[in-house]
Amino acid sequence: MTGPAGTRMGGDSRARLLPAGAEVVPGDVTVPESLASAVEGVDAVVLVLGSDGTGRAGAEAVDYGGVRNVLAALGGRPVRIVLMTAIGFTHRDTAYNRVSHAHDWKRRAERLVRASGQPYTIVRPGWFDYHTPAEQLPVMLQGDTRGSGTPADGVASRTLIARVLVDALGSEAALDPDPEGSVDAVRDAPTQPLAEEPARVLAELEAAASHAPVTQHDPLMRR
């Protein structure tokens with residue numbers, strides 16, 4: 001998260017890797033009351049939530065619930081958002097998704113961000129750190145067409161992913177050109193119809209839209 005004091009992020013042991021000017025604010029995305037101080041005064045949020053290994057409950061609470069809770073904590077204040085999800089997540093019939101439902105919850109999280117009215121970018125990276133030394137450049141794709149559920153879908157280094165996420169904050173081209181359009185990406189296959197979603201998920205989608213800012217601000221410029 002970024003704000004007047006510089007860079008801000010939820011506190012953990014990795015905070016020691018941050019530059020000296022960073023402010024660390026403890027918070028837990030699954031505990032809504034812990035987020036007010038974390039988002040106070042910020043003008044951008046980078047969401048890199050992951051629940052891998054925690055099963056269906058973790059996928060709902062973190063991958064989806066964390067995004068819902070951060071959006072609610074912003075209270076409709078216009079804030080630039082970059083959300084990281086995953087490549088291949090619209091392909092629901094994979095062994096991983098059948099067990100965890102993580103991809104289903106990540107798609108619902110994307111829908112919350114699109115419905116929120118906030119200026120946003122969504123990044124769906126390939127498999128972390130499965131790259132070879134020769135694979136150091138980004139390969140940008142549109143449409144979620146790779147669904148093997150293996151590194152064959154795409155790979156990327158964590159360093160490259162981090163660079164793309166941060167660079168997106170200062171890129172007007174990275175913004176969705178139609179923030180009031182569909183809650184799904186225009187090239188996504190209709191594999192998770194809204195009409196079949198649980199009532200509580202639809203209610204939370206409507207709630208996210210009710211927090212939409214009245215006006216949108218210009219994307220952050222590089223500093």
Side-chain angles (χ1 to χ4, degrees), residues 1 9-15 25-35 38-39 45-74 81-116 120 122-131 144-158 161-162 165 183-185 188-208:
M1 303 178 182
M9 67 180 294
D12 64 18
S13 61
R14 289 168 291 184
V25 181
D28 184 335
V29 295
T30 67
V31 182
E33 56 269 26
S34 75
L35 298 176
V39 301
V45 176
V46 180
L47 291 161
V48 287
L49 309 179
S51 64
D52 189 34
T54 59
R56 296 185 182 185
E60 178 178 357
V62 178
D63 297 324
Y64 170 79
V67 174
R68 176 199 61 214
N69 294 340
V70 170
L71 290 174
L74 293 173
I81 292 175
V82 178
L83 170 66
M84 182 188 76
T85 55
I87 196 169
F89 81 157
T90 63
H91 300 266
R92 304 177 69 189
D93 192 25
T94 64
Y96 176 66
N97 194 55
R98 286 195 298 270
V99 171
S100 68
H101 291 185
H103 287 176
D104 294 350
W105 289 112
K106 286 181 182 293
R107 189 167 190 174
R108 291 169 181 140
E110 284 197 4
R111 287 172 169 171
L112 290 177
V113 169
R114 292 192 182 95
S116 72
Y120 72 88
I122 293 173
V123 178
R124 299 172 176 175
W127 287 58
F128 288 16
D129 294 338
Y130 276 75
H131 63 294
D144 198 29
T145 60
R146 302 183 180 187
S148 73
T150 72
D153 294 337
V155 298
S157 73
R158 293 172 190 265
I161 295 168
L165 293 169
V183 292
D184 286 309
D188 282 352
T191 54
Q192 195 168 340
L194 277 175
E196 298 176 9
E197 288 288 85
R200 63 187 176 83
V201 169
L202 294 176
E204 289 173 347
L205 190 61
E206 184 176 348

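Side chains are part of it too, since the values below use all heavy atoms of this structure and drop only hydrogens, waters and symmetry mates. Here the structure is a predicted model, which is why all the values come from computation and not from measurement.
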Can you see which heavy atom on [X] is nearest to which on [Y], and at what distance?
| X | Y | answer |
| --- | --- | --- |
| Val70 | Val39 | CG1-CG1, 4.5 Å |
| Gly88 | His103 | O-ND1, 3.9 Å |
| Ala156 | Ile161 | CB-CG1, 3.9 Å |
| Leu35 | Ala73 | CB-CB, 3.9 Å |

Q | Point-to-point distance, once rounded to the nearest 0.5 Å, from CD of Glu110 to CG of Leu47 | A |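 Atom-to-atom, Glu110:CD and Leu47:CG are 11.5 Å apart.
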(Q) Can you tell me how far apart OG (Ser116) and CG (Leu74) are? Round to the nearest 0.5 Å. (A)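 It comes to 8.5 Å.
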Sequence neighbours left out, what passes side chain to side chain contact (heavy atoms under 4.5 Å, CB included) with [X]? Give chain and number order.
| X | result |
| --- | --- |
| Ser51 | Thr54, Ala59, Val62, Asp63 |
| His101 | Arg56, Asp104, Trp105 |
| Leu194 | Arg111, Val183, Glu197, Leu202, Leu205 |
| Asp144 | Ile87, Phe89, Thr90, His91, Arg124, Asp188 |

Q. Which of these passes salt bridge (Lys or Arg N to Asp or Glu O under 4.0 Å) with Glu60: Arg200, Arg108, Lys106?
A.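 It is Arg200; the other options fail the test.
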Q.
One pair to check against side chain to side chain contact (heavy atoms under 4.5 Å, CB included): Asp93 and Thr191. What are the steps and the verdict?
A. CA-CA 10 Å; Asp93 192 25; Thr191 54; over 6 Å; no
Q.
With side chain to side chain donor-acceptor pair (under 3.5 Å) as the rule and sequence neighbours excluded, what pairs involving residues 65-74 come up?
A.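 Sorted pair list: Arg68-Glu204.
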Q: Give the intermediate values and the outcome of side chain to side chain contact (heavy atoms under 4.5 Å, CB included) for residues Arg107 and Thr85.
A: CA-CA 8 Å; Arg107 189 167 190 174; Thr85 55; over 6 Å; no
Q: State which residues pass side chain to side chain donor-acceptor pair (under 3.5 Å) with Ser34; sequence neighbours excluded, sorted by chain then number.
A: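 Expected list: none.
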Q.
Once side chain to side chain donor-acceptor pair (under 3.5 Å) is applied, do any residues pair with Arg146, and if so which ones, sequence neighbours excluded?
A.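 Once residues adjacent in sequence are excluded, Arg146 has no partner under the side chain to side chain donor-acceptor pair (under 3.5 Å) criterion.
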Q. Could you go step by step and tell me if Gln192 and Asp184 meet the side chain to side chain contact (heavy atoms under 4.5 Å, CB included) rule?
A. CA-CA 10 Å; Gln192 195 168 340; Asp184 286 309; over 6 Å; no
**Q.** Trp127 side-chain N/O to Asp153 backbone N/O, donor-acceptor pair under 3.5 Å
**A.**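 It does not hold such a pair.
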Q: Name all residues meeting the salt bridge (Lys or Arg N to Asp or Glu O under 4.0 Å) criterion together with Asp129; count only those two or more places apart in sequence or in a different chain, and write none if there are none.
A: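 Expected list: Arg158.
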